[in-house]
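Nothing here was measured: the structure is a model prediction, and the numbers come from that model.
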Amino acid sequence: MMKKLLILMMAIISAVAMLVAGCGGGEKKAETKVLRVGTEATFAPFEFQKEGSKTYDGFDMDLARAIGKQMGRKVEIVNMGFDALIPALNAGNIDLVAAGMSITDERKQAVSFSEPYYTSGLIVMVNKDNKEVKSIKDLEGKRIAVQIGTTGEKKARTVKDAKVTAFNTNTEAAMEMKNKGVDAIINDSPVVGYYLAQGGNATAMTVGEIMEAEQYGLAVKKGNDQLLADVNKAIAELKKSGEYDKIYKTWFGEVKK
């Protein structure tokens, strides 16, 4: 009799244990998977830290967070030297690179790139009341302001009969144009776009197409085809929904079609 009672008690305890375990498993929430995004946060307006801030700002950072949200993943930004990004990616220390990285044949040997998400290059900026200049072809014999040492300066000096004036900063060049000291500015598209987004679009605008274009892509480790497909899908969905354009306007002031 005692033996039967002992067996019965053990059966009851076992059933209760299984019930408790089952209840506990039902209450456990699945953890959100982290997307570790590597960047080099000294490249405004793509990635940078405002003075005194612990967060990372910029076009790439907003886009990476939007992609993570679209994928249902929490984004963790990892800041490091630009040269360390691809090694960190291939070592598995990060999942994705978002750092204004140009898509080149050499880099394609080491990583896989997403569809291009941004086209950089040179652009012409003029005052809004300038009706004569519609492209770089219209700058022959005109006055052009540039930022010293930039590819914009190099391009401007190829314009026939143009008078080129070099300034230390893009802001100084823009002020000279605003005061009608020059007819136009040639500079990097993202630099000009950031100037316009910060209020310059009240008096200035870009004209013509982006010149000597180079495309930026998000990088993933070679062989990580599923992540690459998920990132490309997220980018496409953000563009379709208008969220990409919203982020673009935040940092560059206008959307180039």
Side-chain angles (χ1 to χ4, degrees), residues 31-104 107-108 110-121 188-191 193-194 197-198 213-256:
E31 293 183 4
T32 302
K33 194 172 181 181
V34 173
L35 182 68
R36 297 163 300 171
V37 178
T39 195
E40 195 271 311
T42 62
F43 189 46
F46 289 91
E47 41 268 335
F48 63 100
Q49 281 182 292
K50 295 178 181 177
E51 188 174 351
S53 174
K54 293 183 179 180
T55 61
Y56 298 101
D57 292 303
F59 176 73
D60 282 348
M61 300 296 91
D62 284 354
L63 181 62
R65 292 184 183 105
I67 288 172
K69 183 178 180 180
Q70 191 71 40
M71 293 168 57
R73 296 176 66 171
K74 179 182 178 181
V75 171
E76 177 184 305
I77 305 297
V78 184
N79 185 29
M80 63 184 72
F82 191 83
D83 290 345
L85 288 169
I86 289 179
L89 186 66
N90 289 328
N93 296 326
I94 55 176
D95 305 304
L96 186 72
V97 171
M101 184 172 282
S102 299
I103 300 172
T104 66
R107 287 182 179 140
K108 283 181 181 179
V111 300
S112 294
F113 281 105
S114 69
E115 292 297 318
Y117 69 89
Y118 184 87
T119 301
S120 185
D188 290 350
S189 173
V191 174
Y194 189 55
Q198 299 306 303
E214 59 180 30
Q215 295 179 313
Y216 293 167
L218 303 173
V220 303
K221 185 178 181 179
K222 267 194 173 298
N224 198 343
D225 297 334
Q226 185 59 59
L227 178 58
L228 185 62
D230 290 344
V231 168
N232 280 330
K233 181 181 178 182
I235 292 173
E237 290 171 342
L238 291 171
K239 288 184 174 181
K240 184 178 180 180
S241 69
E243 184 64 20
Y244 174 91
D245 284 356
K246 182 179 177 182
I247 295 170
Y248 193 106
K249 289 178 182 179
T250 298
W251 296 103
F252 304 115
E254 61 179 317
V255 177
K256 297 295 289 184

Is a side-chain donor or acceptor of T250 paired with a backbone partner of K246 at a separation under 3.5 angstrom?
yes

How far apart are the C-alpha atoms of L238 and Q70, what are their side-chain angles, what is the distance that settles it, and do they pass the side chain to side chain contact (heavy atoms under 4.5 Å, CB included) test?
CA-CA 8 Å; L238 291 171; Q70 191 71 40; 3.8 Å; yes

Nearest heavy-atom pair of I94 and L85: which atoms, and what distance?
CD1-O, 3.7 Å

So Y244 and Y248, would you call those rings parallel, tilted or perpendicular, with 30° and 60° as cut-offs?
tilted

Between D62 and R65, does any NZ, NE, NH1 or NH2 come within less than 4.0 Å of an OD or OE carboxylate oxygen?
yes

Let me see the working for F113 and R107 under side chain to side chain contact (heavy atoms under 4.5 Å, CB included), right down to the final yes or no.
CA-CA 9 Å; F113 281 105; R107 287 182 179 140; 3.7 Å; yes

Say you draw a straight line from CD of Q215 to CE of M101; how long is it, rounded to the nearest 0.5 Å?
15.5 Å

Can you tell me how far NZ of K74 sits from NZ of K69, rounded to the nearest 0.5 angstrom?
15.0 Å

Flag side-chain contact, heavy atom, 4.5 Å: W251 against D57:
yes

To the nearest 0.5 Å, what is the distance between CZ (F46) and OH (Y194)?
11.5 Å

Pick one: which of D230, L218, V75 meets side-chain contact (heavy atoms from CB on, under 4.5 Å) with I67?
L218

First locate atom CD1 of I235, then atom NZ of K240, and finally report the distance between them rounded to the nearest 0.5 Å.
16.0 Å

May I ask you to decide if E47's main-chain N or O and D60's side chain share a donor-acceptor pair within less than 3.5 Å?
no

Just say parallel, tilted or perpendicular for the rings of F252 and Y118, cut-offs at 30° and 60°.
tilted

Greater than 12 external heavy atoms within 6.0 Å of K50's NZ:
no

Note: R73 and L227 closest approach over all heavy atoms is NH1-CD1, 3.8 Å

Parallel, tilted or perpendicular: which fits the ring planes of Y117 and Y216, with parallel below 30° and perpendicular above 60°?
tilted

Consider side-chain contact (heavy atoms from CB on, under 4.5 Å). Of T39, I247, T55, which one does M61 pass it with?
T39

Give a yes or no on this: more than 12 heavy atoms of other residues, nucleotides or ligands lie within 6.0 Å of atom NZ of K239.
yes

So, S102 side chain and T104 main chain: donor-acceptor pair closer than 3.5 Å or not?
no

Looking at S114 and I103, what are the two nearest heavy atoms and their distance?
O-CD1, 4.1 Å

Ignoring hydrogens, what is the shortest heavy-atom contact between A197 and K249? Give both atom names and the distance.
CB-O, 4.3 Å

Before giving the answer on side chain to side chain contact (heavy atoms under 4.5 Å, CB included), spell out for V111 and L89 the whole-Å C-alpha distance, their side-chain angles and the decisive distance to 0.1 Å.
CA-CA 8 Å; V111 300; L89 186 66; 3.7 Å; yes

Hey, does the side chain of S53 reach the backbone of Q49 with a donor-acceptor pair shorter than 3.5 angstrom?
no

Which heavy-atom pair separates A110 from K222 by the least distance, and what is that distance?
O-CG, 3.9 Å

Smallest heavy-atom separation, A64 atom then V37 atom, equals CB-CG1, 4.2 Å

Among L96, L35, D95, which one satisfies side-chain contact (heavy atoms from CB on, under 4.5 Å) with V231?
L96

Under a 3.5 Å threshold, yes or no: a donor from one side chain and an acceptor from the other, between E40 and T42?
yes

